[in-house]
There are 2 protein chains.
Amino acid sequence: MNNPSPIRKPSRIQKRNRKLILDAALEVFSAHGYRGATLDLIAAEAGLSKPNILYYFTGKEEIHITLLNGLMDTWLAPMREIDPAGDPLEEILRYVHRKLEMSREFPRESRLFANEIIQGAPRIGSHLKAGLKPLVDETAALFEGWMAAGKLAQMDARHLIFSIWATTQHYADFDAQVQVLMQDQPVHEGADAFLDTLYRRLLTI
Amino acid sequence: MNNPSPIRKPSRIQKRNRKLILDAALEVFSAHGYRGATLDLIAAEAGLSKPNILYYFTGKEEIHITLLNGLMDTWLAPMREIDPAGDPLEEILRYVHRKLEMSREFPRESRLFANEIIQGAPRIGSHLKAGLKPLVDETAALFEGWMAAGKLAQMDARHLIFSIWATTQHYADFDAQVQVLMQDQPVHEGADAFLDTLYRRLLTI
DNA sequence: GCTTTTCCTGACCGTATGGTCAAGAAAAGA
DNA sequence: TCTTTTCTTGACCATACGGTCAGGAAAAGC
């Protein structure tokens, strides 16, 4: 009676409309934050009526959680792709470039997560523990192995990871500020070259 | 009839209550963002009634703007304190440490600005241009002078500044995430050592 | 003391917003 | 085709929230 048959597999219309809604929600949530987003805005952006939105999702929060869960994997993919068998320096530099690329190509996703975490991760705190932490632990261990083997300069692996996130996501999350300070100059090329220099100098023994 | 005498100098009570309100507003705005903050929350936090809040400020937005304006100077102080006559490397490292210290001591202020800028700086866009940009231009020029004089490694000065902001403010803005990933380990000491290494390696010729 | 100004609040208002519901339209199944 | 299920919506509701106002309490000025 309520949700579109939670048992049977989603129909063609269901798939289309759920996608429409989630796309619209990404746009609205990332631009206004959870509290600033309204169902009316999402409905307008999706081209659907508000009650119809609530036919597919039980409420605003479920849309938000579904979004975050669905994007988490994509967001963490570059870190999963670090190859333990590859060359340490090149693997990390490739990770940095991929993250920067994602800041440029998916700024909405970046801001969605940024908004959520700044507010204390009230709706995905558990997911950070369950999804993110194991991956970071694993990656930190990999980095530490490389350092112990003398293939990278010695440093705290977790803070290294934080610095990569911070420096790359900054260009998406703080774009408004970057734009003011860089005027019309091309941002991405400069960032790419700078971060290459930064991590090459930092990590090379 | 409306605002507490905009002409005469503020009374003792006015100074006390405006401070109470701004302190409470900092707490609430930084934790929930502009849209998530409510006058009722601010009033409760300040220990005043809602109408009394509106006796001292014309509305929610004025409180927010007053806060941002009042904190901007404090927030930018470390950058102003960079000494053009000092040793380039040490001056920048001191700046990095001061910024990190501010992230630890004033995380609310950091998140207040972060919230505002992520949403596109709708309420302080003009202030970024008028207040921040000249200072950054000046500082970037100083850094470029040092590089040209062969006292620092060559790189883009603006991206260097961005990286310092990003890496230091990350510990305040994304604290919820950092806490999950660092468990009970002490964060600040590690960050301090890591960033020292990072910028020393990056900037040394 | 008295008067004036400043400070404070309970009650109220208009609007925005998340969410509901009954009933109709469109697909899908037979 | 007819029947059943899925999809869609206008109208509505309850609450939250920013803000107002008339009038009273407390300071300040004299």
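Just so it is clear, the values below take in all heavy atoms, side chains as well, and ignore hydrogens, waters and symmetry mates. A quick note: this is a predicted structure, and the numbers were derived from the prediction, not measured. Chain A is the first sequence line, chain B the second, and so forth, proteins listed ahead of strands; every chain is numbered from 1.
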Looking only at the side chain of [X] (C-beta and beyond, no hydrogens), which of the listed nucleotides [options] gets closest?
X	options	answer
Ile13(B)	dG10(D), dG19(C), dC8(C)	dC8(C)
Thr38(B)	dG19(D), dG18(D), dG19(C)	dG18(D)
Leu39(A)	dC8(C), dT8(D), dG18(C)	dG18(C)

Round to a whole Å and report the spacing from [atom1] of [X] to [atom2] of [N].
X	N	atom1	atom2	answer
Leu20(A)	dC7(D)	CG	C1'	14 Å
Ile53(A)	dT8(D)	CD1	C1'	12 Å
Ile63(A)	dT17(C)	CD1	P	15 Å
Ile42(A)	dG19(C)	CD1	P	10 Å
Tyr56(A)	dG19(C)	OH	P	18 Å
Glu62(A)	dG19(C)	CD	P	10 Å
Lys15(A)	dC7(D)	NZ	P	13 Å
Leu41(B)	dC17(D)	CG	P	7 Å

Name the orientation class of the two ring planes belonging to His159(B) and Phe162(B) (parallel below 30°, tilted from 30 to 60°, perpendicular beyond 60°).
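Ring orientation of His159(B) relative to Phe162(B): perpendicular.
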
Thinking salt bridges, do Arg200(B) and Glu90(B) make one under a 4.0 Å N-O criterion?
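Yes, charged N to carboxylate O under 4.0 Å.
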
Flag this pair as yes if the NZ/CZ of Lys60(A) is under 6.0 angstrom from the six-membered ring centre of Tyr34(A) and inside a 45 degree cone about the axis; otherwise no.
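Yes, Lys60(A) and Tyr34(A) form such a contact.
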
Is NZ or CZ of Arg18(B) both nearer than 6.0 Å to the six-membered ring centre of Phe57(B) and within 45° of the ring axis?
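So Arg18(B) does make the cation-pi contact.
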
Any base atoms under 4.0 Å from Ala43(A), or only sugar-phosphate, or nothing? Heavy atoms, all strands.
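Touches nothing.
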
Indicate whether OP1 or OP2 belonging to [N] is found under 4.0 Å from a side-chain N or O atom of [X].
X	N	answer
Gln14(A)	dT6(D)	no
Asn52(A)	dC7(D)	no
Tyr55(B)	dC8(C)	no
Arg35(A)	dC17(D)	yes
Asn17(A)	dT6(D)	no

Both Asp40(B) and Arg12(B) contact DNA chain D. Which one's nearest nucleotide lies toward the 5' end?
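Looking at the nearest nucleotide for each, Asp40(B) comes out on the 5' side.
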
Polar side-chain contact Lys50(A)-dG18(C) base: donor and acceptor under 3.5 Å:
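By the distance-only test, yes, there is a pair.
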
Toward the 5' end of DNA chain C, by each residue's nearest nucleotide, Ser49(B) or Pro51(A)
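This one resolves to Ser49(B).
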
Run Phe29(B) and His64(B) through ring pair (Phe, Tyr, Trp, His ring centres under 6.0 Å) and show every step you take.
CA-CA 8 Å; Phe29(B) 279 128; His64(B) 193 245; 4.7 Å; yes

